[in-house]
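The structure under discussion appears below in the form of structure tokens.
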4 protein chains.
Amino acid sequence: MARSTAVSVPHLDRRGDIVRAAYRLIAERGLEGLRFADIARAAGINNGTLLYYFSGKDALIEAVGRFLVDQYSQSDAPRAAGRVTSALDELRWEFTDAAARLNDVAGVVYTELLARAQRDPAVAALLLDIDASWRGWLVSILERGQAQGLFHDQLDPHLVATTIMAAIRGAGMQAMVMRDAAAAAAAMQAIAALIEQWIVRGGARPPYRR
Amino acid sequence: MARSTAVSVPHLDRRGDIVRAAYRLIAERGLEGLRFADIARAAGINNGTLLYYFSGKDALIEAVGRFLVDQYSQSDAPRAAGRVTSALDELRWEFTDAAARLNDVAGVVYTELLARAQRDPAVAALLLDIDASWRGWLVSILERGQAQGLFHDQLDPHLVATTIMAAIRGAGMQAMVMRDAAAAAAAMQAIAALIEQWIVRGGARPPYRR
Amino acid sequence: MARSTAVSVPHLDRRGDIVRAAYRLIAERGLEGLRFADIARAAGINNGTLLYYFSGKDALIEAVGRFLVDQYSQSDAPRAAGRVTSALDELRWEFTDAAARLNDVAGVVYTELLARAQRDPAVAALLLDIDASWRGWLVSILERGQAQGLFHDQLDPHLVATTIMAAIRGAGMQAMVMRDAAAAAAAMQAIAALIEQWIVRGGARPPYRR
Amino acid sequence: MARSTAVSVPHLDRRGDIVRAAYRLIAERGLEGLRFADIARAAGINNGTLLYYFSGKDALIEAVGRFLVDQYSQSDAPRAAGRVTSALDELRWEFTDAAARLNDVAGVVYTELLARAQRDPAVAALLLDIDASWRGWLVSILERGQAQGLFHDQLDPHLVATTIMAAIRGAGMQAMVMRDAAAAAAAMQAIAALIEQWIVRGGARPPYRR
DNA sequence: TATGAATGAGTATTCATTCAT
DNA sequence: TATGAATGAATACTCATTCAT
């Protein structure tokens, strides 16, 4: 029996397994159709075992929310990992990255959580977290750009950041409604160009037109 | 009390009563928390009577969706009813109206339905309807503006319309996340100004800045 | 308006229409699946109108039971209508007629009512009625046969009649189980031959064999 | 009270408990009056526990059908367990046993299932199972009798078996209708004697008469 | 940790029946 | 007679959660 522990090792990250299973099921069936039994089955564990890891459905949903936060913040990692880039390049990458994610299930899960946030303060707080940290990131880019003399001085970085976020979110929503990521991406790029014109100093570049 | 007979004629628009009650409850508690018994009580009718008018929950939700369509299209009425206005004024009114609606429950209900649309084709079709008719309306304004020489000729009205819609939707979503309608309105107005610059011919007006 | 009555005449026999519709539906879906709304629709009338003709479901089922009694007794009509026949011929006709009815829906309806009779005294009484009148008919044939010297004197007509009924019923049940009317008919004819041997005086006929 | 621990081991055969409770309730109130809550109460368990063992009403009814199959096949056990008997004795025992069962609730349950079998293929298959295995048993007896030289060679064992089954079933049905097991038993014994005459070689025995 | 049997409150839906017109 | 809107009690079934092991 000396090596019996080896047999029981495969579940190094039960909580993670559960959360990922729940995340996937929410994307597929929505919060409305989320069933504990299904999650347990998908995670390869027992109905009751699930309750050992999460005290209840709400706790699990919150954990999924936190997992979603990570999903979004992970996309920042490559940027940070890269070499030094200009604030403008970073901004452009923000839009490029968003365009690539228009078909992501994360958007579906986010919408589910946004709907729930209207009456679940814990989820609302989570989404505010995502919002704040994303805005913080954008503000830091914008301020760097201003410091570098790339962007206009008198801009309100918070307003610009919120505008960028609204644009990206709107494009994502539009993609979900139309089920046409290309059209939504085009709209987003249009706004991206307009915003660039707005904030870049001496933006002699000809106005976006099509 | 001269018209007390009105008391005995309570069922002039039962279906409407039910749909409005359901609409309100969805805004309050979401689709997830929608209960037939609650709807019936709110509509002042019996649990079974509700099923007499709607064959099931899905049918009712679809009816609520159609009601939402009407909600949105009604906002077009004042514009049409008013006297002749320029295409630019109409466009500006579009953003003004949207800003005023940022706190509207319609947005919450819309988000609920958008979440559900991911796996309910009937609801998805409804939302596409809203989308198409809204875009159609915007395109007609834009084309009128082009015909009047107000807007650039080479613009693609569909792209511009989709961009406007994405901007408005994004601002709405942002308002829901931040619970700060003013900030979202500011972002929307920023995009509105950028779009105006983009499409208006000879837009000599100084670039929006803050 | 002189001929307005003509317009409202088409329903000379509403009760009959309803009972026939119910009879058919019981044969199709069983008592368990019998729905008032379906009966009304099948009878071409309104849900509520049905209740004008039958005070409730039990009353309707009883009426269907009486209709079934008529169904069975009608098969005697041709015999009575025909010219004088021997008791033996009549007896043979009884089996022949039964064989022809093995696929009849009447058997299905009868089984439904028999099941219900176990806890519905009114239906039980109806079935006893059918039973008694059928036995009475058979006894009268047998007694006539005895009077004519065709059948043995010492036979108990009631026992013979009950035996005949059991044989016919058993074959009907067997047909329902096997869904093979031919096999059931063969079994019934075998018993018929045995019974004939039993009761016919000087039955010199060689024993049935196969 | 030495074995009081038995109290804490009440769930040795939950499925069996449930099926038996359902069987009894079907006999009492019929399928039409079968209620999940009643079954659960009768089985001493919770409403939901029942659904833990049976996925739905249909599954439970099918299980009851299988239980009924066992009920019938158990009656063969004593025969098999006994010492060697002649084929004729076995056949006689068949009728004797059937006569003793004329008042059995199994007949009531069987009738309920037969009614349902008309539109439930699963139940129909079950009844066909009972039918086939019973016929198989009878055929084996008849063939043994033929091999022993007791029964006529040229008999078709399947026809005879079906005839026996029809006779026994008919008597059972007759008993249900008349609520007079004695009269039904007499009719069955009459047919039994006739069949014996039919199949037994050199049946010198005087014809049954009463 | 982990299991899975057991729970029971909750809920959509059915359907016979009533009743104003 | 006839309608059909309205009722509400009845019921199968769901599902998060508990708990003994």
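Note on naming: letters A, B, ... go to the chains in the order of the sequence lines (proteins, then strands), and numbering restarts at 1 for each one. Below, all heavy atoms of this structure are taken into account, side chains as well, without hydrogens, waters or symmetry copies.
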Checklist entry - More 5' along DNA chain F: A:Gly48 or D:Leu34, using each one's nearest nucleotide? => result D:Leu34
Checklist entry - For DNA chain E, what is the dot-bracket line, given that a base pair needs Watson-Crick (N1 to N3, plus N6-O4 or O6-N4) or G-U wobble (N1-O2 and O6-N3) geometry with both distances under 3.5 Å, and | means paired with another strand? => result .||||||||||||||||||||
Next on the checklist: Within the structure provided, determine whether C:Leu51 and C:Phe36 are in side-chain contact (heavy-atom separation under 4.5 Å).
Outcome noted: yes
Checklist entry - Among E:dT13, F:dA12, E:dT14, which nucleotide sits nearest the side chain of D:Lys57? => result F:dA12
Next on the checklist: Expressed as a whole number of angstroms, how long is the span from B:Phe36:CZ to E:dT13:P?
Outcome noted: 5 Å
Item to check | Value in whole Å for how far the C1' atom of F:dA20 lies from CG of A:Asn47 | outcome: 16 Å
Next on the checklist: Whole angstroms only, please: what is the CZ-P distance between D:Arg41 and E:dT7?
Outcome noted: 14 Å
Checklist entry - Between D:Asp38 and D:Arg29, does at least one N-O distance fall below 4.0 Å, as a salt bridge requires? => result yes
Checklist entry - Should B:Leu114 and A:Val177 be marked as a side-chain contact (heavy atoms from CB on, under 4.5 Å) after you check the CA-CA gap, both sets of side-chain angles, and the distance that decides it? => result CA-CA 7 Å; B:Leu114 180 56; A:Val177 175; 3.8 Å; yes
Next on the checklist: Of the options F:dA12, F:dT7, E:dA20, whose atoms approach the side-chain atoms of C:Tyr52 most closely?
Outcome noted: E:dA20
Next on the checklist: Measure CG/D:Leu50 against C1'/E:dG8 and give the value in whole Å, please.
Outcome noted: 13 Å
Next on the checklist: Tell me the interatomic distance from A:Arg35, atom CZ, to E:dT11, atom C1', rounded to whole angstroms.
Outcome noted: 12 Å
Checklist entry - If you pin A:Gly56 and B:Gly44 to their nearest nucleotides in DNA chain F, which one's is more 5'? => result B:Gly44
Checklist entry - Is there side-chain contact between C:Leu126 and C:Leu113, with at least one heavy-atom pair below 4.5 Å? => result no
Checklist entry - To the nearest Å, how far apart are B:Glu32 CD and E:dT11 P? => result 12 Å
Item to check | Lys/Arg-Asp/Glu bridge criterion (N-O < 4.0 Å) met for A:Arg116, A:Asp58 | outcome: yes
Checklist outcome for this item: Closest to the side chain of B:Asn46, out of E:dT18, F:dG8, F:dG4, is F:dG8
Next on the checklist: Using side-chain contact (heavy atoms from CB on, under 4.5 Å), reason through B:Leu60 and B:Leu50 one step at a time and then give a plain yes or no.
Outcome noted: CA-CA 9 Å; B:Leu60 177 53; B:Leu50 209 163; 4.0 Å; yes
Next on the checklist: For a quick test of reading the model: is some side-chain N or O of A:Thr49 closer than 4.0 Å to OP1 or OP2 of E:dT1?
Outcome noted: no
Checklist entry - Between B:Arg20 and B:Asp13, does a side-chain contact (heavy atoms from CB on, under 4.5 Å) hold up when you go through it step by step? => result CA-CA 11 Å; B:Arg20 277 183 291 274; B:Asp13 184 21; 3.4 Å; yes
Checklist entry - What is the distance, rounded to the nearest whole Å, between atom CG of B:Asp38 and atom C1' of E:dA12? => result 13 Å
Checklist entry - D:Arg29 CZ to F:dT11 P: how many Å, rounded? => result 10 Å
Checklist outcome for this item: Of E:dT3, F:dC13, F:dC15, the nucleotide closest to the side chain of A:Ile45 is E:dT3
